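See structure below.
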2 protein chains.
Amino acid sequence: MADIRTVAAAAGVSIATVSRVLKTPDVVTKATRDKVMAAVEATGYRPNALASGLRRAKSDNIVVVVPFIQNPFFSGVIQGIEGVAFAEGYQVLLGESQNDQARLDSYAAMLRSKTADGLILLGAALPSQVPDKTPLVMACEYFPDHRIPAIRIDNEAAAKLATEHLIGLGHKRIGKIAGPHDNQLSQDRIAGYRAALTAAGLAYDEKLVVEGDFDVESGHAAMSRLLDLPEPPTAVFSASDEMAIGALKAAREHGKRVPDDLSLIGFDGIRYGDFCDPPLTTVVQPNVEIGAAAARLMIGILKGGDIPAEDIVLPASLLVRQSTGPAK
Amino acid sequence: MADIRTVAAAAGVSIATVSRVLKTPDVVTKATRDKVMAAVEATGYRPNALASGLRRAKSDNIVVVVPFIQNPFFSGVIQGIEGVAFAEGYQVLLGESQNDQARLDSYAAMLRSKTADGLILLGAALPSQVPDKTPLVMACEYFPDHRIPAIRIDNEAAAKLATEHLIGLGHKRIGKIAGPHDNQLSQDRIAGYRAALTAAGLAYDEKLVVEGDFDVESGHAAMSRLLDLPEPPTAVFSASDEMAIGALKAAREHGKRVPDDLSLIGFDGIRYGDFCDPPLTTVVQPNVEIGAAAARLMIGILKGGDIPAEDIVLPASLLVRQSTGPAK
DNA sequence: TTGTACGCGTTATCAA
DNA sequence: TTGATAACGCGTACAA
């Protein structure tokens, strides 16, 4: 309602002074500052963000593009981003890509139209056009050959950890439900799985590695195939909790008791893993912290900080619940 | 990069014409239109949303405030909102209130600063200040005595449906895990539960109604109390799936088999209900559609449509899975 | 149908 | 320390 002129008139100062009181209070006398603040209170004045943004060439918006909003793992990342953005005076503009390039591009275009200042990507896809100097940060996913800063865990080490847990329980035939083969995280997790096997003197058997797409249904299908093998595994490492949930269902359908007949470990640490029967042992990614770190990095870049040469790697941890047990 | 002047120069027209080609193509000759569009393509010009917004006094942003981003039921609502907003050329600005009034107020203040044009509320709390004519829509929750348009289901009827399902299975002692007593939805669901009992000639027993707060842990505690009763219920209706998930755990701990010893029905229809053991019978709220309808309503209001006098009530449905069975 | 020119509400520059 | 004023980029009334 009230614009800056009203406030200036009410306080008996120029509009420039009002602006200064709000943006750089230090350069203003306490006396005039108080006068102006009183007028601001009285009128309920709020600077017009559009005008301010136009002048400063900044929107203070950050676009966050997520493949699927309903994915609980991503929800945590988004929560982390929102927390930092809110504290730092930025707004989160949420977009769902649905793995659709046009949608992703459309959200990325918001940078060109000044609708937003920066872009945080939660999926593995990149916009068609990424001009140099685009403020872009990836959360969770990354591309080894692009120079895009990413916040993530060490997926290979985390997968190694999971596999070692199974090996430590005495398992020798350990299956793997992998993510899509063209996904870097999937590859890293397979590498970690393989490394752990090799270190333990266990053979890597391709037949024990089945590909899924990170979703529940694919986990169900993958576990079915593993259990239909002539020599099924006694333990399975899934590259996502979602797939592990599907796998649990498949195990039940095959009459396998978890963990008595079959151990299962997931990946991600989504809340619902705790409510499965049995509760799911898993590798916990600090997803909220990943989001927070991504937001901090983005805001740093927007404030003129430079882009780190190395990814920021956060620690993942093993959460042992009841879906894993000793081999018989 | 390229601003409107560059495009105008490249096309050999005035900046006004460029603007017209983009906003009101009909009033421009096809010849000049083509000329301008070619220049737009060539320069990669995108109108500055800040400048446009300032001039039009619109940001085309809609703030969506949700109590907790990680709640999967809300995620669906947000997805519905995003879908419609995207299609209609609006942006979704996501905020988490964390049931904190200051946070909610802060997001609501974005309307005054023109950061956003409208506000969609997913929780039951209202901003401290809601000036008349504020474009405000509620999704799921509502206040009977305020004149705030809401998109929701008929909670009483839905709760009646759930309770009738249990009655139809022969249950006589039906417990209820309710939501917070100061919440309208909780009250409606209790009313529906009570109506069903009464219609079936069953007594309403206060001892069988235990209050939770919609979250897992409270459902666990509530079910424990119900099962510790001298005469525990043979069936329980939970006012949320989250509480039902906690209740399932409590039932297991009490050595009750579901549904053989105890039937359990939830409310909301979150995805994870299908992965419980046993899969959860529940009342499905069309959460994505609720979000979509809320966005449509909001956009209609922003475009000058008037506020409907009545809430928009969407149909809920019973989804029978395996957590409910015949009374013995 | 097209161009000129003003104003949207700020912030930043420059002078005082 | 404060004030006058230009400029941010666009949309639109008005004139041509």
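Fair warning: this is a prediction, and the values are worked out from it, not measured in the lab. Below, chain A is the first sequence line, B the second, and so on; all start at residue 1.
- Between the P atom of C:dG9 and the CZ atom of A:R20 lies a distance of 20 Å, rounded to the nearest Å.
- Judged by distance alone, the side chain of A:S59 and the main-chain N or O of A:N61 form a donor-acceptor pair under 3.5 Å.
- Counting to the nearest Å, the C1' atom of C:dT2 and the NZ atom of B:K30 are 18 Å from each other.
- Counting non-hydrogen atoms under 4.0 angstrom, A:K114 reaches nothing in the nucleic acid.
- Considering B:T32, B:T6, B:V7 as possible partners of B:V18, the one that fulfils the side chain to side chain contact (heavy atoms under 4.5 Å, CB included) test is B:V7.
- A side chain to side chain contact (heavy atoms under 4.5 Å, CB included) with A:V64 holds for exactly one of A:L93, A:V137, A:I81, A:L121; it is A:I81.
- Within the structure, every side-chain polar atom (N or O) of B:T17 is placed at least 4.0 Å from both OP1 and OP2 of C:dT2.
- Residue B:D117 comes nearest to B:L111 through the heavy atom pair C-CD2, 3.7 Å, listed as atom of the first residue, atom of the second, then distance.
- Nucleotides of DNA chain D with any atom under 4.0 Å from a heavy atom of chain B span, from 5' to 3', D:dG9 to D:dA13.
- Near DNA chain D, meaning a heavy atom under 4.0 Å from it, residues 50-63 of chain A has A:L54, A:R55 in order of number.
- Place B:R33 and A:Y45 on DNA chain C by their nearest nucleotides, and B:R33 ends up nearer the 5' end.
- Atom CD1 of B:I4 and atom P of C:dT4 are 14 Å apart (whole Å).
- Between B:D60 and B:K58 there is no salt bridge, since no side-chain N of the basic residue sits under 4.0 Å from a carboxylate O of the acidic one.
- Nearest nucleotide to the side chain of A:R5, out of C:dT2, C:dA5, C:dG9: C:dG9.
- The distance from atom CD1 of A:I270 to atom CD of A:Q285, rounded to the nearest 0.5 Å, is 11.5 Å.
- Distances from the side chain of A:A16 to the nucleotides C:dT4, C:dA12, C:dT10 place C:dA12 closest.
- Summarising the geometry, the separation between CD1 on B:I15 and C1' on C:dT2 is reported as 13 Å, rounded to the nearest angstrom.
- We find the CG-CG distance between B:D105 and B:D100 to be 8.5 Å, quoted to the nearest 0.5 Å.
- The distance from atom CG of B:N183 to atom CG of B:L185, rounded to the nearest 0.5 Å, is 4.5 Å.
- Rounded to the nearest 0.5 Å, atoms CD (B:Q184) and CZ (B:F143) are 9.0 Å apart.
- For C:dT1, the OP1/OP2 oxygens have no side-chain nitrogen or oxygen of B:T32 closer than 4.0 Å.
- With DNA chain D read from its 5' end, the first of the two nearest nucleotides for A:V13 and B:S19 is the one closest to A:V13.
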